[in-house]
Amino acid sequence: MNPTLDLLYRLADDQLILGHRNSEWNGLGPILEEDIAFSSMAQDKLGHSLQLYSLLRALGEAEPDTVAFTRNAPQFHCCQLVELPIGEYDFSLTRHFLFDHAELLRFEALATSSYEPLAQVARKLRGELKYHALHANTWMKRLGTATDEAIERMQRSLDFTLPYALGIFEKTDAEAEIISSGLFVGEDELRGRWLESISKVLAQTALEVPDVLALTPVMGGRYGQHTEHLQPLLDEMAEVFRLDPTADW
Amino acid sequence: MYGSASTHDLPTTALTGLENEDPILLAEFEARINRGEKIEPGDWMPALYRKQLTRMIEQHAHSEIIGSLPEGTWITRAPGFRRKMAQMAKVQDEVGHAQLLYSAAETLGKTREEMLTDLINGKSKYSNVFNYPTPTWADSNVISWLIDAGAIVNQLANAKGSYGPYCRALDRICAEEAFHLKYGHDAVVHLATGTPIQRKMMQEALNRWWPAIMTFFGPSDKMSVHTEILMRWKVKMASNDECRNQFLDMYVPKIWEIGLTLPDANLRKNEETGQWEFTEPDWEDFKRVINGDGPCNAERIAVRRAAEENGAWVRRALLTPKTQYVRPLA
């Protein structure tokens with residue numbers, strides 16, 4: 001695939017799917033303030049994905065609604081981390097923390113991308129992602145230093161989620177060209193920055209951080225290999241849209 | 001959304017106790033209300049006023065969070081980016097309203113945790129319309145437009161009430177509701193003027209919801225007793241029938257205008273009296289549902305209970321020995 005398309009699809013699909021998942025917290029949060037916070041982040045992520053699909057549209061791909069609402073799982077390029085069900089709050093929070101640190105750093109790097117339309121979008125998005133990371137940090141520190149029960153839960157979630165989080169940085173065949181053309185600094189570089197960034201926050205908690213780079217990453221998402229959870233999510237998302245594909249909704 | 005008068009009429013037993021109030025303080029309290037002053041949290045108030053307002057604001061707050069469930073189901077199914085993002089923002093507003101309202105109710109002395117416990121134990125109620133299902137996207141749109149419209153009628157009236165924190169919360173809520181109304185109207189018009197599949201879906205949803213909408217403002221004034229003192233204290237600002245008539249006046253023409261029909265052959269405006277005539281809603285069914293036997297009561301409470309139970313560890317973790325419960329400022 002063309003390196004620009006390859007990169008944009010990965011970015012957009014990650015944002016769409018995690019935005020969708022975050023929106024599932026409506027009515028289920030541990031406190032109302034977290035229902036509201038996850039909804040805000042979900043709205044941001046949906047908006048981010050729309051901007052990225054719009055960049056794809058400008059490059060000749062289909063309309064954002066068509067791309068988002070009519071593809072099936074094997075055609076999605078998101079990492080597996082974002083498609084996992086929301087589970088309990090400790091998992092959703094840990095995923096949010098690990099993912100949004102990567103996203104913030106990713107879009108900070110993309111702000112100087114050689115592809116100017118993407119750089120412009122990135123300069124806007126990074127400002128929003130900063131708040132996502134701040135929100136995650138606040139809660140990780142709070143729960144990661146609270147009761148034994150909370151620390152134990154957060155530790156379990158961290159151990160479970162880290163291998164999936166490493167899948168964020170899965171490279172595609174276009175990686176060398178993406179880097180050489182100045183589109184993006186590349187996944188290895190991003191992973192290094194990410195590790196430093198999350199480690200600083202986790203050091204302020206009672207959580208034990210394993211040797212992250214020694215873990216086996218959960219890969220495949222960037223090539224359309226997904227968990228059994230993605231297709232049902234997509235079916236649900238497209239349930240109304242597909243009732244009458246000729247209609248304007 | 002979503003507050004309605006349907007759940008806050010006084011129980012028969014609640015009217016006792018006034019004889020224990022200091023008559024001088026009571027007279028001064030009533031004089032203040034007559035002068036149009038607001039009652040604030042630290043002010044003297046009769047126990048019955050405190051109890052009734054707590055009950056009313058609490059039920060309004062519950063209606064917001066329970067009401068976010070039937071519409072929330074459609075966030076993950078909303079067709080297309082535009083609808084999906086708008087639906088999320090709309091439902092998020094409702095949860096925000098609950099947050100505002102719980103704070104307003106807390107100024108009267110009951111904590112949010114206590115209120116939520118009473119909700120899941122069935123001790124306190126919420127707007128009865130949310131005990132009905134939303135099987136299609138169009139049902140969700142009916143709620144966004146017409147239930148929110150009903151709530152605005154009610155809340156604009158109550159915003160002129162006597163309790164300061166509740167009035168201020170309602171002012172903020174009504175401002176957001178005005179957007180919801182536009183959103184709901186746009187979504188309904190879109191379906192009502194769309195493809196045959198969309199039009200059918202919309203009409204069927206409206207038919208399903210109409211009986212519940214007609215009960216939204218609570219039983220007929222003929223049946224509703226004990227509201228006199230609440231009106232005098234400006235707790236309740238308009239009677240159920242007044243609200244219902246105003247709603248019909250504002251919205252039935254709009255519904256007919258976009259080519260939808262309403263499933264009540266007797267629905268018409270009597271131009272001489274200015275009152276709408278309609279088939280009397282089935283109040284026995286209304287009572288049965290409000291008392292727990294509706295199609296979705298169990299499901300709504302089960303979802304709320306699961307959320308409370310699954311999130312309990314987070315709330316325990318936040319309650320470090322150093323933190324103490326603080327009643328919010330008005």
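Below, read A as the first sequence line, B as the second, and so on, with proteins coming before strands; counting in each chain starts at 1. Just so it is clear, the values below take in all heavy atoms, side chains as well, and ignore hydrogens, waters and symmetry mates. The model shown is predicted, which means the values in this text are computed figures rather than measured ones.
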Contact leader toward chain B among A:G19, A:A247, A:A146, A:S39, where contacts are heavy-atom pairs under 4.5 Å: A:S39
Residue of the set B:Q92, B:M85, B:M88, B:Q87 for which side-chain contact (heavy atoms from CB on, under 4.5 Å) holds with A:S23: B:M88
Enclosure of B:R315 CZ (heavy-atom neighbours >12, cutoff 6.0 Å): yes
Contact class of A:E88 relative to chain B, heavy atoms under 4.5 angstrom: side chain
Options A:R153, A:R242, A:E239, ranked by heavy-atom pairs under 4.5 Å with chain B, top entry: A:R153
Choice from B:A312, B:G80, B:G72 maximising heavy atom contacts with chain A below 4.5 Å: B:G80
Contacts of residues 24-35 of chain A with chain B (heavy atom under 4.5 Å): A:E24, A:N26, A:G27, A:L28, A:G29, A:P30, A:I31, A:L32, A:E33, A:D35
B:R316 portion near chain A, given a 4.5 angstrom heavy-atom threshold: both
Segment of A:D90 engaging chain B (4.5 angstrom heavy-atom cut-off): both
Proximity breakdown for B:R77 and chain A, heavy-atom pairs closer than 4.5 Å: both
Contact leader toward chain A among B:A98, B:G194, B:G311, B:A187, where contacts are heavy-atom pairs under 4.5 Å: B:G311
Between CG on residue A:D244 and NZ on residue B:K200, distance to nearest 0.5 Å: 12.5 Å
Interchain contact, A:T145 with chain B, by part (heavy-atom threshold 4.5 Å): neither
CG (B:N121) with more than 12 external heavy atoms under 6.0 Å: yes
The single option from A:M237, A:R21, A:H20 passing side-chain contact (heavy atoms from CB on, under 4.5 Å) against B:T76: A:H20
A:W249 side, atom CH2; B:Q198 side, atom CD - distance, nearest 0.5 Å: 4.5 Å
Interface moiety of B:A306 toward chain A, non-hydrogen atoms closer than 4.5 Å: neither
Donor-acceptor under 3.5 Å (B:H190 side chain, A:D248 main chain): yes
Contact origin within A:L16 toward chain B - heavy atom pairs under 4.5 Å: side chain
Aromatic ring pairing B:F81/A:Y53, orientation class (parallel under 30°, perpendicular over 60°, tilted between): tilted
Audit row: B:W313, A:T147, side chain to side chain contact (heavy atoms under 4.5 Å, CB included) steps and yes/no: CA-CA 9 Å; B:W313 69 273; A:T147 54; 5.8 Å; no
Region of B:L116 that comes under 4.5 Å of a non-hydrogen atom in chain A: neither
Heavy-atom pairs under 4.5 Å with chain A, option from B:R82, B:K84, B:E309 with the top count: B:K84
Part of A:L46 lying under 4.5 Å from any heavy atom of chain B: both
